[in-house]
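Position 1 is the first residue of the sequence, and the numbers go up from there.
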Amino acid sequence: MYTLYVVIPFCCIGLFGSLMNTIILSTSRMYRTQPCTFFLLIAAIAQSVQYLTAGISRISAVGFNTNLTLLSPAWCKLKAYLIDTCYGIAMTCEWLATIDRFLMTSRAANLRQLSKIKWAYYASTGVVIFWTLTCVPDLIFIYISSNVCDNYNDIWGIYYTYVNNWFFYTILPVFTIIVFGTLAYRNMRTLTNTRQLQGADRQLTHMILGQIILIIISALPGAIFDAYSSASVSVYKTAEQANVEYF
């Protein structure tokens with residue numbers, strides 16, 4: 001019931017929003033040639049793949065009573081790899097967009113010169129390559145055993161929990177977004193008061209600030225739950241307690 005009424009609608013709404021962002025940001029040359037919106041375009045594409053991958057498994061399990069991750073060893077590996085890789089790409093590009101907004105709204109000419117589409121191309125390529133290679137262990141250590149598709153390598157599990165999940169997915173993006181988002185907002189207020197900020201730039205900065213709030217809201221609950229799970233891993237829990245916690 002939880003999957004049917006919560007998870008699947010969430011994936012559908014997320015996929016629709018990501019596809020709309022992809023269409024809007026890719027159809028205008030002005031958006032494609034600005035570093036900030038280019039980062040958001042890459043993030044939207046990655047999110048679309050992420051939601052589509054997660055949605056396929058959920059819909060097949062609920063609608064057709066077929067768990068693809070248990071039927072196909074290849075899909076078991078590929079699903080985890082695509083979700084982890086695309087989430088990392090999307091999250092990284094979103095905090096890079098926040099840094100670019102800070103650079104673009106800065107009154108210092110040397111900082112504004114760092115906001116160039118050429119550097120955005122290089123950075124995006126580096127981000128895609130980094131996450132594509134970083135998540136390769138998903139294709140090696142995740143497989144089906146005892147009718148469960150999961151990671152069966154302790155070293156990769158520890159690395160994923162404390163490096164990927166804690167540092168790259170939570171601490172780094174939240175810290176970067178809060179710091180540079182605050183600085184960008186301060187710069188925007190200064191430029192607005194001096195009437196140096198154009199309407200399009202003002203709207204884009206407001207969009208980034210809204211994205212900051214959404215990222216913080218989405219990242220913090222998961223971080224709190226992961227901290228609780230790590231702290232209580234040795235505590236005995238009944239099946240009912242486990243079901244309630246993972247609901």
Side-chain angles (χ1 to χ4, degrees), residues 17-18 21-22 24-26 28-48 50 84-135 163-194 196-220 222-223:
S18 299
N21 285 339
T22 301
I24 293 172
L25 296 175
S26 61
S28 174
R29 187 178 183 279
M30 180 187 71
Y31 289 145
R32 295 196 305 271
T33 55
Q34 289 191 18
C36 179
T37 49
F38 182 77
F39 285 131
L40 294 179
L41 173 61
I42 301 300
I45 295 173
Q47 287 171 342
S48 298
Q50 176 192 352
D84 290 341
T85 301
C86 291
Y87 185 79
I89 292 172
M91 186 67 74
T92 305
C93 286
E94 284 175 346
W95 60 256
L96 284 174
T98 306
I99 294 177
D100 180 77
R101 273 298 89 185
F102 159 71
L103 297 174
M104 192 63 187
T105 57
S106 175
R107 301 189 67 179
N110 59 332
L111 291 180
R112 291 198 304 273
Q113 290 176 355
L114 296 176
S115 178
K116 293 183 178 180
I117 190 63
K118 178 180 68 174
W119 299 117
Y121 291 154
Y122 292 153
S124 299
T125 302
V127 167
V128 172
I129 294 174
F130 173 80
W131 283 110
T132 300
L133 297 178
T134 297
C135 295
V163 179
N164 276 14
N165 200 27
W166 273 102
F167 182 71
F168 287 123
Y169 293 165
T170 306
I171 296 175
L172 180 60
V174 170
F175 175 79
T176 305
I177 283 171
I178 290 176
V179 171
F180 286 96
T182 302
L183 294 174
Y185 179 75
R186 187 191 64 179
N187 292 342
M188 186 187 71
R189 291 291 299 272
T190 301
L191 294 175
T192 300
N193 292 336
T194 57
Q196 296 180 16
L197 192 65
Q198 298 180 1
D201 288 332
R202 187 183 300 109
Q203 293 175 2
L204 183 58
T205 304
H206 281 129
M207 185 177 73
I208 293 295
L209 295 175
Q211 194 81 359
I212 290 171
I213 297 174
L214 291 176
I215 292 173
I216 294 174
I217 292 175
S218 63
L220 287 182

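Across every non-hydrogen atom of S18 and S48, the tightest pair is CB-OG, 3.2 Å. Of all heavy-atom pairs spanning N164 and C135, the tightest one is ND2-SG, 4.5 Å. G88 and T92 make their closest contact through O-OG1, 2.7 Å (heavy atoms, listed as atom of the first residue, atom of the second, distance). Shown here for I89 and A46, the closest heavy-atom pair between the two residues is CG2-CB, 3.9 Å. For the pair R101 and Q34, the tightest heavy-atom approach, listed with the atom from each and the gap, is NH2-OE1, 4.4 Å. Across T125 and Y121, no two heavy atoms sit closer than the pair OG1-O, 2.8 Å.
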Would C93 and L40 count as a side chain to side chain contact (heavy atoms under 4.5 Å, CB included) if you check the C-alpha gap in whole Å, the side-chain angles of each, and the deciding distance to 0.1 Å? CA-CA 7 Å; C93 286; L40 294 179; over 6 Å; no
Query raised in the report: Stepwise, does the side chain to side chain contact (heavy atoms under 4.5 Å, CB included) test hold for F168 with W131?
Result: CA-CA 10 Å; F168 287 123; W131 283 110; 3.5 Å; yes
Margin query: Evaluate T98 against T176 for side chain to side chain contact (heavy atoms under 4.5 Å, CB included), listing each step before the verdict.
Written below: CA-CA 8 Å; T98 306; T176 305; 5.9 Å; no
Report task. Could you please spell out the steps behind the side chain to side chain contact (heavy atoms under 4.5 Å, CB included) verdict for Q47 and E94? Result -> CA-CA 11 Å; Q47 287 171 342; E94 284 175 346; 2.8 Å; yes
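Separation of atoms CG (L114) and OG (S106) is listed at 9.0 Å; rounding is to 0.5 Å. Put simply, CD on Q50 and CG on D84 are 9.0 Å apart, with the number rounded to the nearest 0.5 Å. Atoms CG and CD1, on L41 and I24 in that order, are 11.5 Å from each other to the nearest 0.5 Å. Atom CD1 of I99 is separated from atom SG of C36 by 11.0 Å, given to the nearest 0.5 angstrom. Here CH2 of W95 is found 5.0 Å from CG of L172. Values are rounded to the nearest 0.5 Å. One finds the CH2 atom of W119 at 12.5 Å from the CG atom of L103 (value rounded to the nearest 0.5 Å).
Residues satisfying the side chain to side chain contact (heavy atoms under 4.5 Å, CB included) criterion with S124, sequence neighbours excluded, are F38, F39, I42. Residues passing the side chain to side chain donor-acceptor pair (under 3.5 Å) test with S115, sequence neighbours excluded: D100.
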